[in-house]
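Here is the structure we will look at.
The residues of the chain are indexed from 1 along the displayed sequence. When a ligand or atom number is given, it counts from 1 through the structure's own listing order.
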Amino acid sequence: MSEAEGDRIAELAKRRGFFFQTAGVYGGVGGFYTYGPHGASLKDNLEAAWRELFVTREGHMEIDAPTVMPESVFAASGHLETFDDMILECPDCGASHRADHLVEDNTDIEEAESLPPAEIATTIAEHDIACPTCGVALAGEPVEEFNLMFETNIGPGTASPGYLRPETAQGIFVDFPQLSQYARNQLPFGVAQIGRAYRNEISPRKGLVRVREFSQAELEQFFDPETDEPPLTRVADVSLPLYSATQQAAEDGGLQELTVGEAVDRGVIESDWLAFYLGLSLDWYASVGVDMDRFRYRQHRPGELSHYAADCWDAETEIGGDWVEVTGFAYRGSYDLDKHADYSGESFSVFEQYDEPVTVERPTVDPDMSELGPRFGGVATDIADALETRAERDPDAFDGETVTVEVAGDRYTVPVEQTGFAVETVTESGEHVTPHVVEPSFGIGRLVYTALVHAHREDEVDGETRQYLALPPSVAPTTVGVFPLMDRDGLDEYAQRVAGELRATGLSVTYDDAGAIGRRYRRQDEVGTPFCVTVDYDSLEADTVTIRERDTTAQRRVPVDDLGETVLALRDGDCRFDEL
Ligand code: GAP
């Protein structure tokens, strides 16, 4: 983002209480921000809008899991081993830098994250890249992997390590067996969660864009990949701005504007479920204040994919010339459920009943515990369970002399003759299916930031420059400001009464009687309040007030009696201001 745009929003955000660096009295701490009163309201409104679509309207479940989880969860999910960024420490001033960002900032290379550390180190040397903090040359300095999870201890002592969750998703995956029961084991179903996630980012930057504690709104859509299809017709005509991996690799590749239906038919988006969620989400972004001329869906290139993803499209917004990822739409397959099944030895599948019973060949095992027990001790039963799972999923693995299974991250090799492996012909009434997952994962802070940047406007009113935030009325922190023209003659009591009545309808209202009326309008314009109501001497006579629209500054005189209904209709888009 351009310095000017970032600085302007940071200044406005701090001055008017949207967000500011936490613990400023102690010099602040990198990557932690406090949402002030306006920011907290804006964030709440965005989350409510997300919940309205992804939970209420789509009919999904919502949960609220802890933010600290035991080590086993992240050993299984792969975060312990692979949730790393590349770090380079300056030998002179000791500042830590994200090595891939140093490369991106100083060369033409994009997505340096997908390069191995050795290549990053070579590129830094070849381009004579210097420390951005002190200017010392960084050639020859080691580039290392740094795990982004915050580690802690659960309870006193160190016996039970835990981690602050780096994504809310694992709270859903790890309790899938329970959640599946609440869904009556009927696929497809979705589970949503809004909450905090933590990443010990090497170099937090750009305001709310890269921080160490942030809010995510995630939906895990579970489905049977063989039989379940999304309701694609609902979004088939939605036009998507797509920047596919193929277009990114092509010399003259650019954005393609395709409907969801076209994108699926042409194979630009391979998964129908991903396509469905890209289509479903598009209008939502506009409704929370994203400028859709500064928005695109970009597919990950192969080297860029997370350890769990088979395909991923990011929703990106443009801020000061940079594209910022605000949502990841990932096809996670059965990766997470398989991993938790392997590590826990529990079932993470759903039993699906057939319409008619069918006769099938079923691989079974009957491990010889008199051999496994003495050889593997306490872990023998887990090995037997793992053999059963392996036989179900991958019977060909039993074709050789030995078969290998994984238990809690360790691999065990067992002679096939000790597994009692056999293929039986049985009549089955249904089958166990491990669902696949498509996950829309929204970063709330980045969306708050985008909404502020995209809403920021300057114009001239009464010969003066005015700054205002053209936020959609439905997400603006305050919906209506109420002012008495003068703080006397009963105008103040009348205006207080109006404010109280508006609050009683559930509207977010601010009352301001300080200073000239023009100044009061400017204060509300700057925090994005879409409507202001002024009580004047005519109000006392005729029970009418003036209502002013933020963006046009137009004013109308309306009866005070149905003011609440009028403002609600304006906020919810049921009525336009020029129709008053
Ligand atoms: N469960 C999938 C997941 O966490 P991700 O792409 O790593 O995927 C999802 O994160 C979203 O969370 C991103 O699109 C972004 O909006 C937000 N996010 C990730 N890291 C962030 C950070 N350090 N600061 C602010 N937001 C972040």
Side-chain angles (χ1 to χ4, degrees), residues 1 19 21-22 30-33 35 39 43 46-47 50 54 65 67 69 73-74 77-79 82-85 98 101 111 113 146-150 163-174 190-221 274 277-278 281 284-285 288 290 295-300 304-317 319 322-333 335-337 339 437-451:
M1 132 186 35
F19 62 86
Q21 210 171 28
T22 303
F32 290 92
Y33 282 89
Y35 286 94
K43 176 173 172 287
L46 247 84
E47 289 176 358
W50 191 89
F54 289 95
T67 54
M69 295 267 186
V73 171
F74 301 110
S77 69
H79 285 88
T82 54
F83 198 60
D84 300 328
D85 277 341
R98 247 188 87 166
H101 287 173
E111 311 300 342
E113 197 180 358
F146 173 77
N147 193 286
L148 297 185
M149 286 196 295
F150 283 99
Y163 292 86
L164 272 71
R165 63 184 180 192
E167 56 170 4
T168 65
Q170 292 307 321
I172 297 176
F173 294 133
V174 76
V191 183
Q193 182 168 206
I194 300 177
R196 296 287 187 165
Y198 302 83
R199 296 183 190 179
N200 200 3
E201 296 287 353
I202 295 167
S203 40
R205 56 182 185 173
K206 297 181 184 172
L208 299 179
V209 170
R210 190 170 297 283
V211 289
R212 290 178 167 137
E213 174 172 347
F214 53 97
S215 291
Q216 291 186 319
E218 301 201 295
L219 172 73
E220 309 304 325
Q221 170 70 64
L274 274 182
Y277 279 110
L278 296 187
S281 306
W284 185 86
Y285 290 107
V288 297
V290 175
F295 176 91
R296 69 181 184 188
Y297 284 128
R298 187 183 69 82
Q299 188 179 25
H300 280 207
E304 211 187 321
L305 287 166
S306 298
H307 61 275
Y308 49 73
D311 190 12
C312 187
W313 288 78
D314 286 344
E316 297 184 329
T317 57
I319 298 183
D322 289 342
W323 286 100
V324 172
E325 175 202 334
V326 291
T327 311
F329 293 81
Y331 192 106
R332 295 179 81 128
Y335 174 87
D336 300 272
L337 298 186
K339 284 285 188 180
V437 173
V438 156
E439 173 200 66
S441 170
F442 288 64
I444 296 294
R446 289 187 185 179
L447 282 157
V448 166
Y449 199 67
T450 300

Can Arg332 be said to touch ligand 1, with heavy atoms closer than 4.0 Å?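 Arg332 counts as a contact of ligand 1 under the 4.0 Å cut-off.
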Do the two ring centres, one from [X] and one from [Y], sit under 6.0 Å apart?
X: Phe442; Y: Tyr285; result: yes
X: Tyr277; Y: Trp284; result: no
X: Tyr297; Y: Phe295; result: yes

I need the atoms of ligand 1 closer than 4.0 Å to a non-hydrogen atom of [X], numbered in the order shown.
X: Thr327; answer: 14 (O)
X: Glu325; answer: 6 (O), 13 (C), 14 (O), 15 (C), 16 (O)
X: Gly328; answer: 14 (O)
X: Glu439; answer: 1 (N), 2 (C)
X: Glu167; answer: 1 (N), 2 (C), 3 (C), 4 (O)
X: Glu218; answer: 1 (N), 2 (C), 3 (C), 4 (O)

So that I can tick it off, tell me whether Glu213 and Arg165 are bridged by a salt bridge, with the cut-off set at under 4.0 angstrom between side-chain N and carboxylate O.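 Salt bridge flag = no for Glu213 with Arg165.
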Does Lys206 pair with Asp322 as a salt bridge, N-O distance under 4.0 Å?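 Looking at Asp322 together with Lys206, the answer is yes, because their closest N to O distance falls below 4.0 Å.
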Taking 4.0 Å as the limit for heavy-atom contacts, which would you say applies to Val211 with ligand 1: side chain only, backbone only, both, or neither?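 The answer is both, backbone and side chain.
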Just let me know how Thr168 lines up against ligand 1, side chain, backbone, both or neither, with a heavy-atom cut-off below 4.0 Å.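 Neither; no heavy atom under 4.0 Å.
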Taking C-beta and beyond as the side chain, do His300 and Asp314 meet within less than 4.5 Å on heavy atoms?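 Yes. Closest side-chain heavy atoms under 4.5 Å.
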Starting from [atom], which protein heavy atom do you reach first, and at what distance in Å?
atom: atom 10 (O) of ligand 1; result: Gln216 NE2, 3.4 Å
atom: atom 7 (O) of ligand 1; result: Arg199 NH1, 2.8 Å
atom: atom 18 (N) of ligand 1; result: Phe214 CE1, 3.5 Å

Does any N or O of ligand 1 fall below 3.5 Å from an N or O anywhere on Val209, backbone included?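 Yes - when backbone and side-chain N and O of Val209 are compared with those of ligand 1, one distance drops under 3.5 Å.
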Does Arg298 make a cation-pi contact with Trp313, if we ask for NZ or CZ under 6.0 Å from the ring centre and within 45° of the axis?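 Pair Arg298/Trp313 does not count as cation-pi.
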Tyr163 and His79: CA distance, side-chain angles, deciding distance, side-chain contact (heavy atoms from CB on, under 4.5 Å) verdict: CA-CA 10 Å; Tyr163 292 86; His79 285 88; over 6 Å; no
